[in-house]
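Comments concern the structure below.
Per chain, numbering begins at 1; letters A, B, ... match sequence-line order.
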Protein chains: 2
Amino acid sequence: MKMSDRKKKILQIVVDEYINTAVPVSSKSITEKHLTDVSSATVRNELASLEELGYLTQFHTSGGRVPSPQAYRFYIEELMERNDLSESDLDYIERAFNDKSRDVEHLIKSVSEVISELTDYTSVAITPHADKETIRSINLLPCGEGTALLVIMTSERILRDSFIELPENMTDDELSGASKMISQIFAGKGLAEVRDAEEEIVAEFGQYRQVMREVIEALKTYSRPREEDVVLTGADKIFNHPEYEDIENVKNFLTVISSKDKLADIIEGENDEIQINVKIGSSGDKDVPDDCSVVTATYSAGGKNLGTYGVIGPIRMDYPKVISVLENVGKALEELASGKKKDKKDSKNEQKDR
Amino acid sequence: MKMSDRKKKILQIVVDEYINTAVPVSSKSITEKHLTDVSSATVRNELASLEELGYLTQFHTSGGRVPSPQAYRFYIEELMERNDLSESDLDYIERAFNDKSRDVEHLIKSVSEVISELTDYTSVAITPHADKETIRSINLLPCGEGTALLVIMTSERILRDSFIELPENMTDDELSGASKMISQIFAGKGLAEVRDAEEEIVAEFGQYRQVMREVIEALKTYSRPREEDVVLTGADKIFNHPEYEDIENVKNFLTVISSKDKLADIIEGENDEIQINVKIGSSGDKDVPDDCSVVTATYSAGGKNLGTYGVIGPIRMDYPKVISVLENVGKALEELASGKKKDKKDSKNEQKDR
DNA sequence: CATTAGCACTTGAAGGTTGAGAGTGCTAAC
DNA sequence: GTTAGCACTCTCAACCTTCAAGTGCTAATG
């Protein structure tokens, strides 16, 4: 059955209304507030039909109707009206990113905060996956007791959280020599590439074979997002939404967000080329709770991936608002990145508008 | 009024029982399970007296009695019986710390996990405060686009999360020069000392004044614990305890733990010399929720501070278990630290037993 | 043939009643 | 000082009733 325009209109009203009020919507309320030119009986017929099509559900026969996940998807695809952010919201974004963006790790935190604050949902962010980046240089800094700090500069950022064990009696000078040598060999190679080619590389390496092996070992820890790469902000925001008066929902939610591993899986989706990605309920096979939606966006500026950001919250989410915020934050980041580069080096990035 | 031995005994029974069952305890249950040689009426008299003394409270006249915060304090001071950990728990601790303790940041995570797992409460940990440490060396690594990574080696560990902005056109060689110079001047000084002496130091510094200023600026961020220094594990564990069936309690709890700042304040107490520290309810003026207890321990080995660890949970906490776990984890850490040092350098740390 | 008025029907939420069960406080006896 | 016994209080669950909301259906209407 084809959806008539009126059906669409009614579905849109239901979703809008339910998002705003969290109360199942009745035929009467529709005719009173939005569709004053038909009677509630007519709307009832349409509602019954929409229910048959799988867009609406009722908890019990006298309780009004609630959109199904399918309805939300349709709503986002075709029905939703973008509403612009308020002046104050735009201001807030403007002021939030002045010069904090020194590196991805810091940036990610403030962006995540902004998103959570403006949307009133819990925000999750994850740094871009290091695997695809190429190594620019490798530094080994002595730090006493036979260990060294490994600092890897990649094309995109700095990785600095690994320690390696040194052979006995290695002097600082030898370490510095090894550091330079390794750096030269790895420069220009991809992180994943080095990890996988392991044996050959170590073999052709003489004196510093052990150090080399340790370095490669350390590189392996970057194949998965680390805990530090996943940022969570505003977990307590869920209590602003009535679905979380129910302890079971809170339990679900908290269980998911207390594992950074799970979080990483959830928001690190296939959203490489897609700008904004919406997962509703258990749509995917991932371990998103049935009653949650996740909206994510991957930002990049000047070819540089700036991470994936998103919100996680109830299915009854204010999608227009969330999507607006994500879009506007994205714009602001692009401007910041390209503007900054221009200031410093006269970059050739053209402004991207959508 | 002086507490008779029997009163103490009864109070102990009440606290033990309530900790285990979470159900208000009645005079009858006491005489049935523990004090079989007196009648329930006698116990009732004692209970009434204990209530008058402020150790017990009743919700309603027929609901059995519940220990007050005061009772828990007394219990911990005088009544509690330490029970040894089970073999499997000891094993678990044993296996948990093999060679993960490469540096405090990593150590803190695994220790926190162990504590949460064994106690079944949410665990919080915080790295030692950098302020008291002395600087061993300072390294500036170039990382493109006019910025440098600042790596500070202190007496205790490595701080490596700051970036500083470089003057225009500074070459890598110049940077390396500045790095060495700054390192020499700061070596041996305390972190706080350098921060506070700011102006004098900068003044007597010539060529690299701007870099210097940036370095000091960066040092300032270590005066407070950073988000990365606070680790939270097992937040979802609270649902294993019946007090958190109540949404209000969950709300309180989640609000506190979702701010790393607040968490830091809570567990970073005055427990410098005290081994184990227990805060019950709103005993202090801190922002511990009224219905929460916090038990913390600060570990050190060989004069090296290893951080503060603890659990946060309901007032009705299994103190004997928690304290045992904290003690045993502490022992294991000491052994690990001294054992390791012995392996490597034949350290002179004598084994500390208690 | 789509629309509508009208009405019976279903359901949950709120409020009240009741009885059972638990636990205490008190008193009088030992 | 201890205890048996009993009246009293309070909660909890079950049950009922009433009320309001909202629907589905039917028959009338243009």
Between dG23(C) (P) and Glu17(B) (CD): distance, integer Å: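 It works out to 11 Å between those atoms.
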
Rounded to whole Å, CD1 of Ile10(A) lies from P of dA2(C) at a distance of 15 Å

With B for base contact, S for sugar-phosphate-only contact and - for none (protein heavy atoms under 4.0 Å), nucleotides 11-30 of chain D reads S---------BBBB------

Check your understanding: Do other residues, nucleotides or ligands put more than 12 heavy atoms under 6.0 Å from the NZ atom of Lys260(A)?
Key ->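 More than 12 heavy atoms, drawn from other residues, nucleotides or ligands, come within 6.0 Å of this atom.
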
Residue Lys251(B) excluded, over 12 heavy atoms near NZ under 6.0 Å: yes

Checklist entry - Do Tyr319(A) and Tyr75(A) have ring centres separated by under 6.0 Å? => result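 No, the ring centres sit 6.0 Å or more apart.
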
Give a yes or no on whether a salt bridge exists between Asp89(B) and Lys321(B), defined as a side-chain N under 4.0 angstrom from a carboxylate O. yes

Q | Side-chain heavy-atom pair Val311(B), Val124(B) within 4.5 angstrom cut-off | A | no

Check your understanding: Between Ser39(A) and dT3(C), does any side-chain N or O lie under 4.0 Å from OP1 or OP2?
Key -> no

